[in-house]
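Worth knowing before you read on, the calculation uses all heavy atoms, side chains too, and leaves out hydrogens, waters and symmetry mates.
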Amino acid sequence: MARKFYITTAIAYASRKPHTGNDYEIIFTDAIARYHRLIGDDVFMLTGTDEHGQKIQELAEQNHIKPQEYADQITNSIKENYRNLNISNDKFIRTTDDYHEAVVKKVFKKLYEQGDIYKSEYEGWYCTPCESFWTETQVENGCCPDCGRPVKKTKEEAYFFRMSKYQDRLMQYIEEHPDFIQPEPRKKEMINNFLKPGLQDLCVSRTTFTWGVKVDFDPKHVIYVWIDALLNYITALGYDPDGSSENFKKYWPCDVHVIGKDILRFHTIYWPIMLMALGIELPKKVFGHPWLLFGNDKMSKSKGNVMYSSDLAKLFGVDGLRYYVLSEMPYAQDGSITYETLISRYNSDLANTLGNLVNRTIAMTNQYFGGSIHKPSEILDIDQKLMDACLDTVKQYSKSMDEFHIADAADTIMALARTSNKYIDDTTPWVLAKEESTKSRLNDVLYNLLESIRYIAVLISPFMPETSEKIFAQLNCNVKSYDSLSQFGGLPEGTVGKATPLFARIDEKKMMAELQKEAEALKAKNAEKETVEGVVIGIEDFAKVNLQVALVKDCEKVEKSDKLLKLQLDDGQGGRQVVSGIAKWYQPADLISKKVIVVANLKPVKLRGVESNGMILAADCPNDDVKVIFVDDSIPQGSKIR
């Protein structure tokens, strides 16, 4: 009977499109799930979206749509992204699913009735982006200790969860289950920073917004988004306080929750305590993976260093991207991604090592034997070394995958590919092909190589499923099971397919030049679109903006652009040139001799190769309309707007 294996990601917060740093988690989890299917386990992989909370309500309001509509848009983009990344999840849950919301209400009521939740008043600090509560001592200079963004002072009637009641029990559980929190540094962080100082009772409802699961018996209260979100791991399986499904009984407890290290507190303190209160067995492991950084920085739109998987997949292929993030990320420390390192690893590991091995072996088999291959007639010492390398690779690979050392597992596969390439160099098939007397030996060499490639194709399938299938197609072989790797020689006699390059080598200089060109074009485009909606600034910030009245002396369209106008302004200080993206709404004649307001101290930029020294003010109006703000003719050029 197959062993069950239940694995989950943290459900993605439906506030924005995920970037590649976010996608590492789903790719990592998918690789683990595929590995366990490969070794014969009965796998259930869960992912989904967290769609409630104040942040989503605020974003929906800013976009003038309902929260559900906003969540639908983001969730659809996340689903599409996962399909494109070849993610093999068995279920996708949304916290707006009816069955989930119904169970969340039941759980809250159950915990209230048994005294684990009580009503009081909350006064403290709240971080909207993280949807997190913080005490006075935890807040650092008015900012969230997790994300560093400003927190808001909040005072409202609320329900509280008696976390303190379960503190000692949780501490004992962690001590008795040393592998519960991994890697080890994450466990020490939770114990020293949260459990030892003593747990505060957790505020678990809000009344200052409405987008969330309402408390059945007190509908002005919305259940705290993290209580709602964490319950997805059991509601997705069919848990219900009134009677759970057979699926829940089959797959729970979870074998591993794969999460980012930044949400470890919720999964190793709040979640286990909730389960204890419900009388449910705790998950076996919580794995807090490190971050995938852009160079040395966390990916952030504000920093302009965000990379999206959809863009990277166009450049490197889905499997090229999957391989990079899985092979580059250390077990416990943050990993790094840049275009330069992506190109380097793609060329060295995929094009040069793996791709070259498969291509030349299949090509030689076709060239020397018309594609036909037979079992070896004898085994020499050099052959035995290759066989031993294949069998040893399986052992090392299995140990690494079982312990979530994914990058080490990738290294073992690539090491086998390098060993196989060296075997080619040492056995020199092209020399053996010259003499009829050595044709038998040539057959043996090529068979051993093809079998080592089959080993690689099996082991690499959790990392690069499409590439694995392409290799098997070239081998013309369907022996793909993990069990077939227990003994060297599983490749059946027959005829191989056509040699087709798996990975084309990338010209780094050319690609980097193209990327730089695209980045400059995007920067120019964003220069016309930048807004500060929703950002609170002080008077000292506003004072930094130099707004002046200017007369439009001349205006013309920018060549090769349907959107840009080039304005020559008399600002009372010698004049300036400004490029503005208003050609859709204004003809040059509409602006000449009009007085406008210009941001006079904006950093110069080039738009379509034309320098722009400032920005004129205009209003976004309904129905995709834009109106330039004109000022009274009596106001002199150069007058400062205050």
- Minimum side-chain heavy-atom gap Thr95-Thr49 below 4.5 Å: no
- Message: I need the Ile27 CD1 to Thr29 OG1 distance, nearest 0.5 Å.
- Response: 10.0 Å
- Over 60° means perpendicular and under 30° means parallel, so classify the ring planes of Phe28 and His289, tilted if in between. tilted
- Message: Check whether Asn89 reaches the backbone of Leu46 with its side chain - one donor and one acceptor, N or O, closer than 3.5 Å.
- Response: no
- Report the C-alpha distance between Met171 and Ile191 in whole Å, list the side-chain angles of each, state the deciding distance to 0.1 Å, and finish with yes or no for side chain to side chain contact (heavy atoms under 4.5 Å, CB included). CA-CA 8 Å; Met171 195 77 157; Ile191 292 172; 3.6 Å; yes
- Item | Check: Phe248 ring centroid to Tyr239 ring centroid under 6.0 Å | yes
- Query: Hey, are Lys119 and Asp218 close enough for a salt bridge, meaning a charged N less than 4.0 Å from a carboxylate O?
  - Reply: yes
- Task: Measure the CH2-CD1 distance between Trp271 and Ile259 for me, rounded to the nearest 0.5 Å.
- Result: 12.5 Å
- Query: Is the backbone N or O of Leu85 less than 3.5 Å from a side-chain atom of Arg322, with the two atoms forming a donor-acceptor pair by type?
  - Reply: yes
- Message: Within this structure, what is the SG-CD distance for the pair Cys203 and Glu123, rounded to the nearest 0.5 Å?
- Response: 12.0 Å
- Between the side chain of Lys153 and the main-chain N/O of Trp125, is any donor-acceptor distance below 3.5 Å? no
- Query: Is it true that Asp72 and Arg94 have a side-chain N and a carboxylate O under 4.0 angstrom from each other?
  - Reply: yes
- Task: Measure the acute angle between the ring planes of His257 and Tyr233, then classify it against the limits of 30° and 60° as parallel, tilted or perpendicular.
- Result: tilted
- Glu189, CD atom: more than 12 neighbouring heavy atoms under 6.0 Å: yes
- Message: Quick check: do His36 and Ile39 have side-chain heavy atoms less than 4.5 Å from each other?
- Response: yes
- Message: Looking only at side-chain N and O atoms, does Thr341 offer a donor or acceptor that is under 3.5 Å from a partner on Tyr324?
- Response: yes
- Item | Worked verdict on Thr235 versus His100 for side chain to side chain donor-acceptor pair (under 3.5 Å) | CA-CA 6 Å; Thr235 62; His100 171 80; 2.8 Å; yes
- Got Met276 and Leu282 here, is their nearest side-chain heavy-atom distance under 4.5 Å? yes
- Query: With distance as the sole criterion, is a donor-acceptor pair present between the side chains of Thr96 and Glu101 under 3.5 Å?
  - Reply: no
- Note on the structure: Scanning both residues in full, the closest heavy-atom pair of Ala12 with Ile78 reads CB-CD1, 4.0 Å
- Contact check, side chains of Tyr270 and Arg265, non-hydrogen atoms, under 4.5 Å: yes
- Message: Does this structure show an ion pair linking Asp116 with Lys110, if we count only N-O contacts that are shorter than 4.0 Å?
- Response: no
- Would you say Asp201's side chain and Met163's backbone share a donor-acceptor pair under 3.5 angstrom? yes
- Task: Report yes or no: does Asp30 contribute a side-chain atom to a donor-acceptor pair with the main-chain N or O of Ile26 at less than 3.5 Å?
- Result: no
- Task: Determine yes or no for a side-chain-to-main-chain donor-acceptor pair under 3.5 angstrom, with Tyr13 supplying the side chain and Arg16 the backbone.
- Result: no
- Task: Please determine if Lys284 and Asp179 form a salt bridge, counting it only when a charged side-chain N lies under 4.0 Å from a carboxylate O.
- Result: no
- Determine whether Thr8 and Val258 make a side-chain contact, defined as any pair of heavy atoms from C-beta on separated by less than 4.5 Å. no
- Task: Tell me, with the steps shown, if Tyr173 and Phe180 meet ring-ring contact (aromatic ring centres under 6.0 Å, His included).
- Result: CA-CA 9 Å; Tyr173 183 88; Phe180 175 57; 5.2 Å; yes
- Item | Rounded distance [0.5 Å steps], CD1 in Ile223 versus NZ in Lys105 | 8.0 Å
- Starting at CD1 of Ile406, measure out to OH of Tyr35 and round the result to the nearest 0.5 Å. 9.5 Å
- Query: Among side-chain atoms of Glu58 and Gln62, is any donor-acceptor pair under 3.5 angstrom?
  - Reply: no
- Message: Could you measure the distance from the CG atom of Leu292 to the CG atom of Leu326? Nearest 0.5 Å is fine.
- Response: 10.0 Å
- Hey, does the side chain of Glu113 reach the backbone of Phe108 with a donor-acceptor pair shorter than 3.5 angstrom? no
- Please answer whether the main-chain N or O of Ser309 pairs with a side-chain N or O of Thr20 as donor and acceptor at a distance below 3.5 Å. yes
- Query: Between Phe287 and Pro183, is any pair of side-chain heavy atoms under 4.5 Å apart?
  - Reply: yes
- Query: Are Asp42 and Arg3 close enough for a salt bridge, meaning some N to O gap below 4.0 Å?
  - Reply: no
- Item | Parallel, tilted or perpendicular, as decided by the 30° and 60° cut-offs, for the rings of Phe217 and Tyr159 | perpendicular
- Tell me, please, which residues at least two apart from Lys91 pass salt bridge (charged side-chain N to carboxylate O under 4.0 Å, His left out). none
- Query: Does some side-chain heavy atom of Ile32 sit less than 4.5 Å from a side-chain heavy atom of Pro462?
  - Reply: no
- Task: Quick one: do Leu275 and Trp252 satisfy side chain to side chain contact (heavy atoms under 4.5 Å, CB included)? Show the steps, please.
- Result: CA-CA 12 Å; Leu275 292 170; Trp252 192 262; 3.8 Å; yes
- Query: Do Phe5 and Met45 have side-chain heavy atoms sitting under 4.5 Å apart?
  - Reply: no
- Task: Would you indicate whether Lys4, at its atom NZ, is surrounded by more than 12 heavy atoms from other residues, nucleotides or ligands within a distance under 6.0 Å?
- Result: yes
- Look at Asp242 together with Lys106 and state whether they make a salt bridge at an N to O cut-off of under 4.0 Å. yes
- Message: Check Lys187 with Glu184, please: is the shortest side-chain N to carboxylate O separation under 4.0 Å?
- Response: yes
- Item | Working for ring-ring contact (aromatic ring centres under 6.0 Å, His included), residues Tyr118 and Phe160 | CA-CA 5 Å; Tyr118 63 93; Phe160 287 79; 5.7 Å; yes
- Counting heavy atoms not belonging to Glu157, are there more than 12 under 6.0 Å from its CD? yes
- Task: Over all heavy atoms of both residues, which pair between Pro18 and Asn22 is shortest? Give the atoms and the distance, please.
- Result: CA-OD1, 3.4 Å
- Please assess Glu328 against Ser336 for the test side chain to side chain donor-acceptor pair (under 3.5 Å), listing each intermediate value before the final yes or no. CA-CA 7 Å; Glu328 191 70 19; Ser336 173; over 6 Å; no
- Message: One thing to verify: whether Lys399 and Glu403 come together as a salt bridge, which I'm taking to mean a side-chain N less than 4.0 angstrom from a carboxylate O.
- Response: yes
- Message: Regarding His221 and Ser205, do their side chains bring together a donor and an acceptor under 3.5 Å, going by distance alone?
- Response: yes
- Item | Arg37 with Asp90: basic N within carboxylate O range, under 4.0 Å | yes
- Task: Give me the ring orientation class for Trp226 and His267: parallel if the planes are under 30° apart, tilted from 30 to 60°, perpendicular past 60°.
- Result: perpendicular
- Report yes or no: does Asn601 contribute a side-chain atom to a donor-acceptor pair with the main-chain N or O of Lys544 at less than 3.5 Å? yes
- Task: Spell out, as yes or no, whether a donor-acceptor pair under 3.5 Å connects the side chain of Gln57 to the backbone of Thr210.
- Result: yes
- Give the C-alpha distance, both sets of side-chain angles, the deciding distance and a yes or no for ring-ring contact (aromatic ring centres under 6.0 Å, His included) between His19 and Tyr308. CA-CA 5 Å; His19 54 62; Tyr308 290 105; 7.0 Å; no
- Message: Within the supplied structure, the quantity of interest is the number of heavy atoms (other residues, nucleotides, ligands) at a distance under 6.0 Å from Lys285 NZ; does it exceed 12?
- Response: yes
